Amino acid sequence: MSGDIAPPLALLAELTHRCPLRCPYCSNPLELERASAELDQATWQRVLSEAAALGTLQVHFSGGEPLVRRDLAALVRHAGAVGLYSNLITSGVLLDRARLAELVEAGLEHVQLSFQDSDAVSADRIAGLAEAHVKKLAAAALVREAGLPLTVNAVMHRQNLERLPEMIELALKLGAGRLEVAHVQYYGWALANRRALLPTEAQLERATSVVAEARVRLKGILTIDYVVPDYYARRPKACMGGWGRQFLNVSPAGKVLPCHAAESLPGFEFPSVHAASLTEIWYRSEAFNRFRGTAWMPEPCHSCERREIDWGGCRCQAFALTGDAARTDPACALAPDRALLDRLREADAAAPAGDFIYRQIGAAPAPAGRYFLAHSP
Ligand code: SF4
Ligand code: FES
């Protein structure tokens, strides 16, 4: 603890942007890092030691697809040695019995596996990879066979929300203890694909009642996490638990970020693990302090009773929609820019879904600025 800033709960270690899948809602930035820019094993191990020294409790190994890194087991082993609980966030398509055994032996404690759909044809189309779904089913079985706890991460949107009941049944069948029903959030690739992904109000209402019924029916068997998507919310989510409050994110090239989308924000110098320790960055960097606490907030947040509940919402969404990261998140019905979000939602929900722009290294669709509407001064 330093002053009134607590240490982060978790480190999101984005080991790589390489991935065999091409999901059109990927939360990675539009400009994806190439393999040559990635931190090496020794540097990641130093980062893990620094996270533990800072007081972090958990590491989420993520990407891209973290299994493309041959040194993943060595990193998991190091995380355990310095006292971090390790979770693997994976698509599962590269997970085989030998690889899983290596990770279990290294001390891996939890696996979070993403599913694109319950229907194999649709799932493979959304992932942009043939046979992806069948490989994921096999990976889930291996994880349960190894005795590791499994969370199924179901990313839901206009093109699969009708099959939410089947997704819940799939999570049950796979032996998951937790199901995250994760509505797409519109940054990066998902923002470029918003028209193809944003659900209609009728779809959302049905999904919300499906979850409510399943939570009662499956109490004690399957925990279901569910948050209403921002574009239909009355109040925003506390993104990342508040800027610089609970999480830090290290990008494949070693940038230290308060959230996975922060590199979309202009006017920031995000520090590198090569230049300073995680402790120095967490407590003293301008980037982490810029939107920490409540002093930076504009009205109506500054005098709002929820300011220490949602921390003014998401800075990256405020920027994506208004062009100014310091404005109230338009996901809040009290935000001066709420009308922007309402107009976009109504226009997108009424339009045909259109084709996906698939995620691809070296093929960013356009500068993010193309997708936001600047607010009127
Ligand atoms: Fe949250 Fe600001 Fe909206 Fe209040 S006005 S609910 S603090 S986003
Ligand atoms: Fe960056 Fe919400 S994703 S603050």
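When a ligand or atom number is given, it counts from 1 through the structure's own listing order. The analysis underlying the following values was restricted to heavy atoms, covering all of them including side chains, and did not include hydrogens, waters or symmetry mates. The structure displayed is predicted, hence computed values, not measured ones. We number each residue from 1, following the sequence as shown.
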Self-check item: Charged N-O contact under 4.0 Å between Asp230 and Lys237
Solution: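 Result for this pair is yes, salt bridge flagged.
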Quiz item: Is Glu33 paired with Arg18 through a side-chain N to carboxylate O contact shorter than 4.0 Å?
Solution: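 Salt bridge: no.
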Quiz item: Taking the six-membered ring of Trp282, is NZ or CZ of Arg292 closer than 6.0 Å to its centre and within 45° of its axis?
Solution: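 Flagged: Arg292 positioned over aromatic ring of Trp282.
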Pull out every atom of ligand 1 sitting under 4.0 Å from any heavy atom of [X], numbered as shown with elements.
X      : result
Pro236 : 8 (S)
Thr328 : 8 (S)
Arg307 : 7 (S)
Arg235 : 6 (S)
Gly312 : 8 (S)

Do the side chains of [Y] and [X] get nearer than 4.5 Å, heavy atoms only?
X      : Y      : value
Thr151 : Asn87  : no
Pro252 : Leu15  : no
Tyr85  : Thr56  : no
Lys255 : Val250 : no

Quiz item: For Tyr226 and His183, what are the C-alpha separation, side-chain angles and deciding distance, and is it a ring pair (Phe, Tyr, Trp, His ring centres under 6.0 Å)?
Solution: CA-CA 8 Å; Tyr226 180 77; His183 284 287; 5.3 Å; yes
Self-check item: Closest to atom 1 (Fe) of ligand 1 among Thr294, Asp310, Ile309 (heavy-atom distance)
Solution: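 Going through Thr294, Asp310, Ile309 one by one, Asp310 has the nearest heavy atom to atom 1 (Fe) of ligand 1.
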Quiz prompt | Thr223, Asp225, Asn153 screened by side-chain hydrogen bond (donor to acceptor under 3.5 Å, both in side chains) with Arg178, the one that passes | solution =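 Of all the options given, the one that passes is Asp225.
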Quiz item: Is atom 4 (Fe) of ligand 1 less than 2.8 Å from at least one N/O/S atom of Cys304?
Solution: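 Coordinating: yes.
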Quiz item: Under 4.0 Å from any heavy atom of Cys239, which atoms of ligand 2 are there?
Solution: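 Here the atoms of ligand 2 in question are 2 (Fe), 3 (S), 4 (S).
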Exercise. Run the numbers for me: atoms of ligand 2, each under 4.0 Å from some heavy atom of Cys314, listed by number.
Key: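 That gives atoms 2 (Fe), 3 (S), 4 (S) of ligand 2.
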Quiz prompt | Region of Ala335 that comes within reach of ligand 1 [heavy atoms, distance under 4.0 Å] | solution =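 Under 4.0 Å from ligand 1, Ala335 contributes no heavy atoms.
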Quiz item: Are any of the heavy atoms in Arg315 under 4.0 Å away from ligand 2?
Solution: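 Checking ligand 2 against Arg315, which is what was asked, there is a heavy-atom contact under 4.0 Å.
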Practice problem: Could you see which bit of Cys259 sits under 4.0 Å from ligand 2, with heavy atoms only: side chain, backbone, both or neither? | Solution: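 Just the side chain.
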Practice problem: Say whether Asp329 and ligand 1 are in contact under the criterion: heavy-atom distance to a ligand atom below 4.0 Å. | Solution: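 Asp329: no contact with ligand 1 (<4.0 Å).
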Quiz item: What residue and heavy atom of the protein are closest to atom 2 (Fe) of ligand 1, and at what distance?
Solution: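 Here the nearest protein heavy atom works out to Cys301 SG, 2.4 Å.
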Quiz item: What is the nearest protein non-hydrogen atom to atom 3 (Fe) of ligand 1, stated with its residue, atom name and distance?
Solution: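 Protein heavy atom at minimum distance: Cys332 SG, 2.3 Å.
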Quiz item: Around Arg215, counting heavy atoms of other residues, nucleotides and ligands shown, do more than 12 lie under 6.0 Å from its CZ?
Solution: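 More than 12 within 6.0 Å, yes.
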